[in-house]
Amino acid sequence: AQKITQTQPGMFVQEKEAVTLDCTYDTSDQSYGLFWYKQPSSGEMIFLIYQGSYDEQNATEGRYSLNFQKARKSANLVISASQLGDSAMYFCAMREEYGNKLVFGAGTILRVKS
Amino acid sequence: EAGVAQSPRYKIIEKRQSVAFWCNPISGHATLYWYQQILGQGPKLLIQFQNNGVVDDSQLPKDRFSAERLKGVDSTLKIQPAKLEDSAVYLCASSLWGLAVPYNEQFFGPGTRLTVL
């Protein structure tokens, strides 16, 4: 069964600095997808970035990049130039090889300081 | 394009009462998901529909939870009777298909926060 581990319950970062949120995963599937979602205090889940297991290049979306290390089974999210609006809960999730079901980690709460 | 709609946004009930949540997915999305998010945890899939058929309900407590998507569009999730441990945010999501393919990401609604007293 798939498992996602986010070991950082909470993180602080200074505005305009970069921050890395850790995510490790466990799966026996050969093909899988990794997602990061942002959940502000309002509650909705906002899709940030996607990495396929066969993608050779790390995914990037604006200020978000995913540091994918397949051999180490890690998929860390890097947020560059943090903004106050980045303060939220961040979830790493895995999609299994078949079907579109997502398995989520416990999340990391990020606080950006001015 | 309108997003996933859910109602109500908040609900407070007493244990053993019944409650129902409604979800309207993004137009054209064939796949609909209900997740339960307990405070301090990540969302957990309760049930996945493909059109009006159930794809996965392995984690749905079927003795008290039920869900339907009769016309393949909107869906309702019901809890009867509610327990204290059902207090959570119930998130609805939709995607174009139920396949594990790139760019088939799930889009989430704002959620319904349920408090069971």
Side-chain angles (χ1 to χ4, degrees), chain A residues 1-10 21 23-25 27 29-57 59 61 64 66 88-109, chain B residues 2-11 23 25-26 29-50 53-60 88-114:
Chain A
Q2 289 81 8
K3 184 179 180 181
I4 296 286
T5 302
Q6 294 181 254
T7 57
Q8 306 155 311
L21 305 183
C23 173
T24 58
Y25 60 91
T27 182
D29 290 347
Q30 295 301 308
S31 175
Y32 50 88
L34 296 157
F35 296 76
W36 278 91
Y37 282 85
K38 173 184 178 181
Q39 188 176 43
S41 56
S42 53
E44 75 274 25
M45 299 283 281
I46 302 168
F47 166 72
L48 296 178
I49 196 166
Y50 164 81
Q51 178 85 39
S53 58
Y54 290 115
D55 294 340
E56 295 186 352
Q57 288 194 324
E61 290 285 349
Y64 304 108
L66 200 153
M89 181 72 86
Y90 288 81
F91 289 98
C92 180
M94 167 182 286
R95 180 177 63 196
E96 58 189 14
E97 186 167 16
Y98 302 106
N100 207 32
K101 169 184 173 179
L102 291 177
V103 175
F104 286 84
T108 296
I109 186 161
Chain B
V4 177
Q6 289 188 249
S7 67
R9 291 296 312 277
Y10 305 91
K11 190 74 177 178
C23 172
I26 292 173
H29 280 195
T31 310
L32 185 147
Y33 316 78
W34 283 101
Y35 289 86
Q36 180 193 56
Q37 185 178 15
I38 293 172
L39 185 65
Q41 300 180 18
K44 179 185 78 173
L45 181 71
L46 292 176
I47 189 167
Q48 177 181 343
F49 290 97
Q50 181 70 24
V54 175
V55 175
D56 184 344
D57 64 356
S58 58
Q59 298 190 93
L60 186 74
V89 175
Y90 291 85
L91 293 162
C92 180
S94 69
S95 64
L96 276 170
W97 319 289
L99 302 175
V101 295
Y103 306 109
N104 191 30
E105 66 260 32
Q106 296 182 25
F107 295 86
F108 284 79
T112 296
R113 185 176 298 275
L114 174 67

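Sequence lines set the chain letters: A, B, ... in the order given, protein chains first and strands last, and positions in each chain run from 1. None of the values given here were measured: they were computed from a predicted structure.
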> chain A: which of Arg9(B), Gln41(B), Gln106(B) shares the most heavy-atom pairs with it under 4.5 Å?
Replying inline: Gln106(B)
>> For chain A, which candidate among Gly111(B), Gly42(B), Gly109(B), Gly40(B) shows the most heavy-atom pairs at distances under 4.5 Å?
In response: Gly42(B)
> Excluding sequence neighbours, so at least two apart, what forms side chain to side chain contact (heavy atoms under 4.5 Å, CB included) with Phe47(A)?
Replying inline: Phe35(A), Tyr37(A), Tyr50(A), Glu105(B)
> What residues form a side chain to side chain contact (heavy atoms under 4.5 Å, CB included) with Pro40(A), not counting sequence neighbours?
Replying inline: Lys38(A), Ser42(A), Glu44(A), Ile46(A)
>> Under the criterion side chain to side chain contact (heavy atoms under 4.5 Å, CB included), I'd like the reasoning laid out for Leu102(A) against Tyr33(B): C-alpha separation, chi angles, the key distance, then a yes or no.
In response: CA-CA 10 Å; Leu102(A) 291 177; Tyr33(B) 316 78; over 6 Å; no
>> Working to the nearest 0.5 angstrom, can you tell me the gap between Thr31(B) OG1 and Ile26(B) CD1?
In response: 12.0 Å
> Which answer fits Ser95(B), side chain, backbone, both or neither, if we ask what part of it has an atom under 4.5 Å from a heavy atom of chain A?
Replying inline: side chain
> Side chain, backbone, both or neither: which part of Gln6(A) has an atom under 4.5 Å from a heavy atom of chain B?
Replying inline: neither
